[in-house]
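Below, read A as the first sequence line, B as the second, and so on, with proteins coming before strands; counting in each chain starts at 1. Computation of the quantities below employed the complete heavy-atom set of this structure, encompassing side-chain atoms and omitting hydrogens, waters and symmetry-equivalent molecules.
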Amino acid sequence: MEVAAAPLSLESQAGSVAEAPARDDGCAVAPAARPVLRERGQREVFCGLTGIIWLHRKIQDAFFIIVGSRTCAHLMQSAAGVMAFAEPRFATAIIEDRDLAGLADANDELDKVVDRLLARRPDVKAVFLVGSCPSEVIKLDLSRAAQRLSARHMPNVRVLAYSGSGIETTFTQGEDACLTALVRDMPVAPADAPPSLLVLGALPDVVEDQFKRTFDALGIGPVAFLPARRARDLPAVGPNTRLLLAQPFLADTVRALEDRGATRIDALFPFGAEGTSAWFEAAAAEFGIAPAHVETVLAPGRDRARRALEPARRQLEGKSIFFFPDSQLEPPLARFLSRELGMRPIEVGTPYLHGTHLARDLALLPAETRLSEGQDVERQLDRCRAAAPDLVVCGLGLANPLEAEGLTTKWAIELVFSPIHGFEQAADLAGLFARPLARRGLLKV
Amino acid sequence: MQLAMWTYEGPPHVGALRVATGMRGLHYVLHAPQGDTYADLLFTMIERRNARPPVTYTTFQARDLGGDTAGLFKQAAHDAYARFKPEAIIVGASCTAELLQDDPGGLARALDLPVPVIPLDLPSYQKKESWGASETFLALVRALADRSLTPPPREGRRLTCNLLGPTALGFRHRDDVAEITRLLSELGVDVAITAPMGASPRDLVRLGAADFNVVLYPETGEAAARWLEKTFSQPAVRIPPIGHGATCDFVRAVAAITGADADAFLAGPRARLPWYSRSVDSTYLTGKRVFVYGDATHAIAMARVAVEELGFELVGLGAYNREFAREVRVAAERYGLTALITDDHMDVEAAIAELQPELVLGTQMERHIAKRLRIPCAVISAPVHVQDFPARYSPVMGFEGANVLFDTLVHPLVMGLEEHLLAMFRDDFEFHDGAGPSHLAALTPSTAAHAAAPAHTPDAAPVADDAAPHAPPANDAIVWTAPAEKELAKIPFFVRGKARRNTERYAAERGLASIDVETLYDAKAHFAR
């Protein structure tokens with residue numbers, strides 16, 4: 001389809017245009033002064049509570065108690081289909097009228113809920129009290145509740161708190177808030193500790209294991225992952241801790257770790273052959289590994305990824321794509337699709353654009369790609385229809401209606417719930433974008 | 001503060017959304033924070049609707065709280081009208097916005113929009129989804145129905161009725177409406193307005209012009225029907241036509257209003273269910289112990305179908321919507337039971353584990369419970385799942401609905417002679433009860449564990465809490481001898497749990513310390529029905 005990106009008529013939009021935040025790390029990539037369309041209005045995105053869906057599978061000894069309303073409980077079961085689990089390790093403490101009458105009551109109620117849960121689930125070693133919109137609005141202090149409950153249940157059970165409320169967090173920002181809470185409990189690494197690497201962001205176990213093997217082969221170590229599979233396995237953090245982001249949505253986690261002396265390694269995000277290569281190379285450079293050795297270790301995986309991407313490239317090359325905001329993964333994914341598969345990103349929407357962490361990825365996006373942050377879904381739908389992209393990446397609420405209008409869509413949520421990082425998953429990631437188009441070609445109905 | 005792993009009903013504003021989404025030409029402006037838009041996917045994914053629900057969410061954020069959330073609401077309502085040009089607007093608050101006390105009704109009225117604006121007052125911390133739908137529909141009817149209307153003179157025309165209650169995301173509402181519309185037509189009655197689903201605000205204006213009302217779903221339609229009865233003196237038919245007997249009763253109730261000859265109408269064969277149930281192949285259904293749970297309307301109706309039309313024995317009856325607890329209790333008493341009124345699925349699971357029925361008729365949650373307890377199950381009630389919107393025509397109301405129910409209730413069971421063969425050759429290495437009914441796909445916990453919505457968890461690795469079935473604890477005090485344990489294993493799995501419990505109860509009542517083969521058969525004789 002030969003539809004170029006719709007011309008930016010930014011003045012007519014409600015949103016404001018601003019320069020992307022200035023880069024602050026003085027790296028070699030030329031900083032592109034790229035306009036960002038910032039909008040606010042109706043957002044068709046999940047709140048941060050939904051992060052619990054993958055966090056409770058990742059952190060296997062943790063239980064998540066949402067302190068919220070019936071809406072929160074309904075959201076979780078609708079978004080996650082929790083009936084798949086006999087008894088999931090998350091639940092909602094539903095605030096009722098009588099809890100709203102007085103906060104002291106709410107705290108007593110919460111203590112009772114936690115006590116009952118721990119009596120029934122002795123396997124649980126960490127409890128997260130997760131704030132919601134209503135708990136934030138009535139100013140229920142969950143941090144204090146967590147301290148009180150921790151004092152009561154330590155050393156058996158650690159109780160932590162964070163907010164996944166929709167008034168503060170969008171979808172993946174819930175994980176950011178959860179990890180930030182964990183950072184507070186991380187032990188202090190001494191100033192003379194040897195350099196260590198901390199990889200940030202929940203990864204499927206298979207990917208984590210692959211990455212661990214590659215770091216071993218490169219000679220980088222010790223390596224820890226946050227979150228770990230056990231909530232109690234928290235690595236120490238100090239001035240010799242180096243941070244490598246596997247996910248782009250961890251602004252607060254990084255800030256909390258930097259406050260404790262850790263430093264972030266600037267890198268592309270590990271999507272595709274190019275991104276994964278650059279990600280490992282950046283870490284290797286930080287740890288002073290010889291480039292020749294790095295090349296020896298990475299070349300087989302990178303070549304395998306490139307070969308595996310070929311079929312998808314034949315399907316996707318030249319196709320235009322439009323991202324609605326969802327997970328903050330949009331900019332690095334658009335970079336991958338554009339650079340390695342020849343797709344043409346028309347608009348890359350993201351709930352929140354972290355200019356510094358994403359600087360390298362943003363620099364590699366085509367100049368004509370429109371970046372948008374936040375959302376006014378009606379206006380964005382107007383732009384999407386006008387652009388008539390070959391593929392739309394959007395949430396579950398928009399996908400079928402857009403399909404019915406004749407557009408081809410990819411559910412954004414699958415990008416969060418599938419192993420997509422690293423060399424070995426590069427083709428799987430490409431396949432997620434190729435499949436809707438292939439299906440449309442197959443069907444004769 | 002109740003800890004809920006799962007809920008049978010959403011918040012009341014989701015009920016309002018089901019009304020708005022079912023209707024045409026209505027728009028809902030909902031004061032709500034980011035994230036509440038998840039409700040859209042209920043309609044676009046589970047029900048596979050091809051359009052977005054007609055709702056605008058104000059999407060306020062933390063930084064707005066100290067500022068002007070009311071202004072945000074007014075802007076959203078203004079923009080929604082300008083963009084969608086609805087015939088009428090409903091306005092309300094979700095749970096968080098309710099705490100802000102911005103008064104969406106007053107704010108919307110101040111905008112002076114050129115269409116009716118109907119405020120909804122749905123207390124999120126007290127009420128639930130069905131109540132929200134019912135209340136929303138009632139508010140719309142009260143606000144829009146033209147009170148000056150009366151039905152035209154009856155002479156020389158067919159009678160008309162309104163079908164009340166169907167909504168978006170309703171359990172089989174789409175096909176029930178088609179089936180009952182056809183049935184009424186055969187009875188000489190034209191459906192004037194089906195509402196909320198399919199109606200526009202303009203349609204609701206004319207509700208008073210129909211001769212009578214039919215309440216298909218009391219959970220969502222009864223409140224409006226009562227108001228219409230009071231306002232227009234419209235009689236209402238209140239028998240949900242679910243099952244053959246109930247459908248016949250429904251026909252008689254309609255005929256009583258229209259003056260048609262119900263007996264003549266019902267004389268011919270209308271459904272296959274009666275013959276299928278009387279045919280000898282169905283003998284094996286006799287006395288199957290069945291547990292029924294769902295919304296009150298479907299649970300009560302299904303209990304009657306199970307007992308009167310399939311010859312099952314009802315061992316439990318319950319519902320999750322307390323608004324209709326009285327009706328469920330009355331129905332349960334008819335079968336000599338105490339109704340289970342709870343919205344905690346753990347209570348339901350405990351009841352099923354205790355009763356060890358041979359068949360469970362329930363919601364998607366009972367399907368999961370039954371799977372864990374290895375009991376056959378059929379889904380007969382909301383909350384809905386993508387599977388409850390089958391591509392084929394599949395009503396549960398009317399005569400075709402009765403046929404559908406025969407299939408639905410019989411299909412999960414081990415069939416006729418197969419059941420006997422399982423009992424005769426219990427140690428057959430291929431044809432053992434662990435293999436399950438031969439006409440059903442082999443189910444293992446991993447392949448059967450489908451999610452309610454199309455989301456996946458990142459790692460499919462089995463973890464401890466996936467497995468743990470909540471098996472009833474065995475009575476510790478009584479020991480089973482090895483031969484008795486072996487004999488018990490020869491009893492087909494679908495009655496084994498019951499046999500174990502009965503035998504233990506029998507032994508306990510007699511103060512026996514151990515159970516041998518003799519005890520097992522003594523107990524069998526004692527509890528023989």
Spatial distance of atom [atom1] ([X]) from atom [atom2] ([Y]) [nearest 0.5 Å]:
X	Y	atom1	atom2	answer
A:H74	B:Y8	NE2	OH	13.5 Å
A:E403	B:R48	CD	CZ	12.5 Å
A:I167	B:D64	CD1	CG	9.5 Å
A:D97	B:K127	CG	NZ	10.5 Å
B:E9	A:R70	CD	CZ	7.0 Å

Is [X] in contact with chain B via its backbone, its side chain, both, or neither, using a 4.5 Å heavy-atom distance?
X	value
A:I65	side chain
A:L381	side chain
A:E378	both
A:V206	neither
A:S165	neither

Heavy atoms from other residues, nucleotides or ligands near CG of A:D115 exceed 12 (cutoff 6.0 Å):
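Counting other residues, nucleotides and ligands, CG of A:D115 exceeds 12 neighbours.
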If we define contacts as heavy-atom pairs under 4.5 Å, which of [options] has the most with chain A?
options	value
B:L100, B:T44, B:I369	B:T44
B:P53, B:P11, B:P12, B:S124	B:P11
B:T56, B:L72, B:L65	B:T56
B:Q2, B:E129, B:H13	B:Q2

Quickly, which of A:L75, A:L398, A:L396 forms a side-chain contact (heavy atoms from CB on, under 4.5 Å) with B:L41? Name it, please.
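When A:L75, A:L398, A:L396 are each tested with B:L41, the side-chain contact (heavy atoms from CB on, under 4.5 Å) holds only for A:L396.
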Between A:T170 and B:Q34, is the side chain to side chain donor-acceptor pair (under 3.5 Å) condition met? List the steps.
CA-CA 8 Å; A:T170 304; B:Q34 165 176 270; 2.8 Å; yes
Residue list, side-chain hydrogen bond (donor to acceptor under 3.5 Å, both in side chains) with B:R322, at least two apart or on another chain
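Not a single residue meets the side-chain hydrogen bond (donor to acceptor under 3.5 Å, both in side chains) criterion with B:R322.
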Using a cut-off of under 4.5 Å on heavy-atom pairs, state which of A:A399, A:A202, A:S132, A:P134 scores highest against chain B.
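Among the listed options, the one with the most contacts to chain B is A:P134.
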Pick from A:S69, A:C47, A:A93 with the largest number of heavy-atom pairs that fall under 4.5 Å of chain B:
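Heavy-atom pairs under 4.5 Å are most numerous for A:A93.
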Interface moiety of B:A51 toward chain A, non-hydrogen atoms closer than 4.5 Å:
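Only the backbone of B:A51 comes within 4.5 Å of chain A.
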Between A:L100 and B:L99, is any pair of side-chain heavy atoms under 4.5 Å apart?
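Answer yes - side chains close enough.
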Do B:T7 and A:I94 come within less than 4.5 Å of each other through their side chains, counting heavy atoms only?
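In contact.
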